[in-house]
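This report concerns only the one structure given below.
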2 protein chains.
Amino acid sequence: MNLKKYTDFSLRVLIFAGLKSGEELSTIKEVSDVYSISPEHLRKVVHDLTKRGLLTSVRGRNGGFRLAKPASDINIGLLIRSLESDFNLLECFDKGTNHCVISPGCSLKHVVNKALFQFFKVLEEYTLEDLIQNEEELRELMGMES
Amino acid sequence: MNLKKYTDFSLRVLIFAGLKSGEELSTIKEVSDVYSISPEHLRKVVHDLTKRGLLTSVRGRNGGFRLAKPASDINIGLLIRSLESDFNLLECFDKGTNHCVISPGCSLKHVVNKALFQFFKVLEEYTLEDLIQNEEELRELMGMES
DNA sequence: TTTAAACATGTATTTTGAATACATTTTTTA
DNA sequence: TAAAAAATGTATTCAAAATACATGTTTAAA
């Protein structure tokens, strides 16, 4: 059981962008340097976040991207939910492909679903703002001048 | 985010075995017929569950397997925890391979860990016994004579 | 007006782990 | 002694994620 690296990278991009002040832009190169992630790879992540309305991108020279809305409006639970496409923890979660004969009477799915619900309930208690409370420390770790 | 089919199959094998009464044995063939899973594949699952002390296997003609302990002693949370080897939801969960520079000051891991904890907390409220409360219905769905 | 810096986009390749299949051995009872 | 069952090890297939590559588009600065 794990999350995709894409999800991990997406969160890190948002944390990075969230530490910039005001209208200040971040670039893929900056982020790829800080986290040592291939810029090729990050490009897709950033592009995807833009399409999802979380980042605003500015093309052309001196371009880059910034948060499309306040950090306090970016809910971590909803974010992870949308970034991870597939939550079919058991075969029977997907009625289309399920072949398990006992699923009509099997309570396992309810138990796992309840657990999954609690998982997201916790995540939904946090926003990006909560993750960047310690701005100074994070900027320092990233080597950003503040 | 999903569980391995192995985990799913393991749970189904235990549910099947749990519906047998007393010392009665199940065979891989029976289970593979009921769930339409390749016996080759199930063999590993059963073998693995035996090694983990959840099933007792009897070799030779008329052999098979049965639960190694009462269904009420098989905790679903602990079971899934042990069947799924990898819970490194984020790169920084594994200190050995983590490369994220901000992890010392990053609170994301605490948030995700808290969510994972709640996930298991729910699962740990159930045992195999809870999953086979409706014996009759399940036996019927499986085509087992009761 | 040209060039460089940035994102946009589509495609291809690599890698990894899970899922599955195959083959052989061991055990035990009828 | 033969048949039915699990034990065990290895090999193959498959799918999804991760990654890389190539090219296009936009825009500001030189």
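Below, chains carry the letters A, B, ... as their sequence lines are ordered, and counting in each starts from 1. Atoms considered below: every heavy atom in the structure, side chains included; atoms not considered: hydrogens, waters and symmetry mates.
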- Do B:Lys121 and B:Glu124 sit within salt-bridge range, that is, some charged N less than 4.0 Å from a carboxylate O? no

- Message: What is the separation between atom CE on A:Met1 and atom P on C:dA18, rounded to the nearest whole Å?
- Response: 14 Å

- Message: I need the CG-C1' distance between A:Asp86 and D:dA16, as an integer number of Å.
- Response: 10 Å

- Message: Under 6.0 Å between ring centres: does that hold for B:Tyr6 and B:His41?
- Response: yes

- Query: Counting just side-chain N and O atoms, does B:Ser57 come under 4.0 Å of either OP1 or OP2 of D:dA7?
  - Reply: yes

- Query: What integer distance in Å separates B:Phe65:CZ from D:dA7:C1'?
  - Reply: 14 Å

- Task: Would you indicate whether the side-chain heavy atoms of A:Thr56 and A:Thr50 approach each other to under 4.5 Å?
- Result: no

- Message: Could you tell me how far apart A:Lys51 (NZ) and C:dC7 (P) are, to the nearest whole angstrom?
- Response: 16 Å

- Task: Send over the distance from A:Asp33 CG to C:dA6 C1', rounded to a whole Å.
- Result: 14 Å

- For B:Arg59, enumerate each residue passing the side-chain hydrogen bond (donor to acceptor under 3.5 Å, both in side chains) test, keeping only those at least two apart in sequence or located in another chain. none

- Message: Quick check for you: to the nearest 0.5 Å, what is the distance between B:Leu42 atom CG and B:Lys29 atom NZ?
- Response: 11.5 Å

- Query: Once each nucleotide of nucleotides 18-24 of chain D is scored for protein heavy atoms under 4.0 Å, what B/S/- sequence comes out, 5' to 3'?
  - Reply: SBBBB-B

- Item | Proximity to the side chain of A:Arg61 - top-ranked nucleotide from C:dA8, C:dA4, C:dC7 | C:dA4

- To the nearest angstrom, how far is B:Asp48 atom CG from C:dA19 atom P? 13 Å

- Task: Please state how far atom CD in A:Glu30 lies from atom P in C:dA6, giving the value in whole angstrom units.
- Result: 9 Å

- Item | Spacing of A:Leu54 atom CG relative to C:dC7 atom C1', expressed in whole Å | 17 Å

- Task: Please check the phosphate of D:dA29 (OP1 and OP2 only) for any side-chain N or O of A:Asn62 closer than 4.0 Å.
- Result: yes

- Item | Option passing side-chain contact (heavy atoms from CB on, under 4.5 Å) with A:Leu83 (candidates A:Val45, A:Leu78, A:Asp8, A:Thr7) | A:Thr7

- Give, for atom CG of A:Leu79 and atom OH of A:Tyr126, the distance between the pair rounded to the nearest 0.5 Å. 15.5 Å

- Message: Let's see if you can work this out: which of C:dA8, D:dA5, D:dA3 has an atom nearest to the side-chain heavy atoms of A:Thr50?
- Response: C:dA8

